[in-house]
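A, B, ... follow the sequence lines: proteins, then strands. Residue 1 opens every chain.
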2 protein chains.
Amino acid sequence: MTQSPEHPLAPLIQKLEYSGPLSSDDRNAILALPYTLKSFEPHSYIVRHGDRPAYSCLLRSGFAFRHKVVADGGRQICSIHMKGDIVDLQNCLLGYADHNVQVLTHAEVALIPCKAVREITVERPAVGLAMWSDTLVDGSIFREWVTNVGRRQARRRLAHLLCEFSLRLEAAGLGARDHYVLPMTQEQLADCTGLTPVHVNRTLRQMDLDGLLERTNRAVTVNDWKRLAEVGDFRTDYLHLREDQLQIAQ
Amino acid sequence: MTQSPEHPLAPLIQKLEYSGPLSSDDRNAILALPYTLKSFEPHSYIVRHGDRPAYSCLLRSGFAFRHKVVADGGRQICSIHMKGDIVDLQNCLLGYADHNVQVLTHAEVALIPCKAVREITVERPAVGLAMWSDTLVDGSIFREWVTNVGRRQARRRLAHLLCEFSLRLEAAGLGARDHYVLPMTQEQLADCTGLTPVHVNRTLRQMDLDGLLERTNRAVTVNDWKRLAEVGDFRTDYLHLREDQLQIAQ
DNA sequence: CGAGCGTTTGATCGGTGTCAAGGATCGTGG
DNA sequence: CCACGATCCTTGACACCGATCAAACGCTCG
């Protein structure tokens, strides 16, 4: 994206500008936030259910996911996060973590003190509004996941999930909607969709046979995005992306 | 609750103080927000998917729910709302509604212009933080719903939903956790849990037979709340209620 | 080359959906 | 005060989607 070495907090600006451009004062205030850099090994936890973290984590590279564990040991993944996402913004205001956050791959993170997050929202209301907007988009995505898991059949569910990834990766500049790297195992896909790994395997295989997509290792190639979106009952609106972030007309 | 006639926006203060007390200046600023009163007949829509509303709706009485419709006509309810909830705060910042909001019962609502909502967050940062917190709690509840619908069996799912209602109603001063009025049909419970009405009926009946609860019309009596919480794999933490709002020790 | 992890596949099981019909309750109007 | 219709609840028989169990296969990385 950038030739010059990127400021560690630059992805945050990019993300917060999803809801509209910020003034240069606002951008500078974001870049002036205090932070500590940290990296996480694959599968390690950023936050555990019950923690009372003093920092917010900005994902600078890699992928992370939120999940909860139920009584019988089952796991449900509630969301996937990528570069630019703040994965535990809520802990700053709510005090304790109500779920786990774990990295998928190796990940680079910037830790921003909660206190600084609260302060910037007071001193620069536009930044506060942008963060609030980001939280609202998060909520919108959760609603779509409730719907996906609650009311769609396996095939649609998986297609929907793949469509969501493709657009979010595209918007974040991490891939193209019809060809991208998805660093998730079938077991993790199962935990996103409330299915079992076995059934995810069969369903993906069938979609593959039907020519909907091709899989090589973890790369996904979508042959006909529009068709996949139809199968997945997928609408882009809930992602609340800007027009110019959706490069190809849907 | 109050002897003197309550200010129409008072429930909003009560709700925003879930995350901590506000100063009297902040409270007065809230009460000074412009608003219009409106009532909705049972089953009528407050907001439809795709709308671009200019107002936020504060629920003053009655119940409402958010829902989405999928390709085959199925409906998924994403959340239930009660007195004090702002049911479409997100539209103020995000521009358009990504889902439907419908009332369950007759409901009294106060419409607050989006502009006024944005302004108060700038002028009174503490109010902005409280609204943001409220959005974050919303998100937490959505995550729990994803988990509930994705990874729990029908019996646990329903028990969990009933536990959530009981605590939220108790916190809002609308009932006791072991006895309350739930104005939902079994079809609506099914749409909350991703089940069919028939299966909800059978499952509730079995819970009734097992002595977990008693149902008369729409009133629910919980015989042993702790046991219901166990069946529902229910933890209170995700609701982010204050200690003093949970009257009975869990 | 072997271990470990993830993927693939088959056989069978079970929880929930579907279809269908009857019963209860409640508001409304004669 | 009763009749009626509408809506919701209840129940049974059966079907099916996805879960479970088990085993083999294929990468990839020491």
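Side chain to side chain, B/His160 and B/Glu144 meet the donor-acceptor criterion of an N or O pair below 3.5 Å. Under the 3.5 Å distance criterion, with hydrogens and angles disregarded, a donor-acceptor pair is assigned to the side chains of A/Glu164 and A/Tyr238. Side-chain atoms of B/Ser79 and B/Trp145 form no donor-acceptor pair, as typed in the model, at a separation below 3.5 Å.
Counting any heavy atom pair closer than 4.0 Å across all strands shown, B/Gly194 reaches sugar-phosphate atoms only and no base atom. As judged by a 4.0 angstrom heavy-atom cut-off over every strand, A/Arg218 is placed among residues touching the sugar-phosphate backbone only. Within the nucleic acid shown, B/Arg205 comes within 4.0 Å of sugar-phosphate atoms alone, with no base atom in reach, counting heavy atoms only. Using a 4.0 Å heavy-atom criterion, one finds that A/Arg155 contacts no nucleic acid atom at all. Here A/Arg215 lies in heavy-atom contact (under 4.0 Å) with sugar-phosphate atoms only. Residue contacts shown for A/Thr196 include a base, since a base heavy atom lies under 4.0 Å away.
C/dG15 atom C1' lies 15 Å from atom CZ of B/Arg156, rounded to whole Å. Between A/Asp208 atom CG and C/dT8 atom C1' the separation is 12 Å, expressed in whole Å. At whole-Å resolution of the value, CZ in A/Arg152 and C1' in D/dG18 are 18 Å apart. If you take CG of A/Leu158 and C1' of C/dT7, they are 15 Å apart, rounded to a whole angstrom. Atom P of nucleotide D/dA19 and atom CD of A/Gln153 are separated by 12 Å, given to the nearest angstrom. Between the CG atom of A/Leu104 and the C1' atom of C/dG6 there is a distance of 14 Å, rounded to whole Å. In this structure, B/Leu204 atom CG and D/dT11 atom P are separated by 12 Å, rounded to whole Å. B/His199 has its NE2 atom 14 Å from the C1' atom of D/dG18, to the nearest Å.
Classification of B/Arg143 and A/Asp138 as a salt-bridged pair fails, no side-chain N sitting under 4.0 Å from a carboxylate O.
Nearest-nucleotide positions on DNA chain C for A/Arg151 and A/Met184 put A/Met184 closer to the 5' end.
With D/dC17, C/dT8, C/dG15 as the choices, the nucleotide that has an atom nearest any side-chain atom of A/Asn201 turns out to be C/dT8. Comparing C/dG17, C/dG6, D/dG18 against the side chain of A/Leu195 picks out D/dG18 as the nearest. In this structure, the nucleotide among D/dA19, D/dC8, D/dT11 sitting nearest to the side chain of B/Arg202 is D/dT11. Distance from the side chain of B/Val198 is smallest to D/dT11 among D/dT11, D/dC21, D/dG18.
Proximity of B/Gln186 to the phosphate of D/dT10: a side-chain N or O atom is located under 4.0 Å from OP1 or OP2.
With B/Phe165 as the aromatic partner, B/Arg168 does not meet the cation-pi criteria of under 6.0 angstrom to the ring centre and within 45 degrees of the ring axis.
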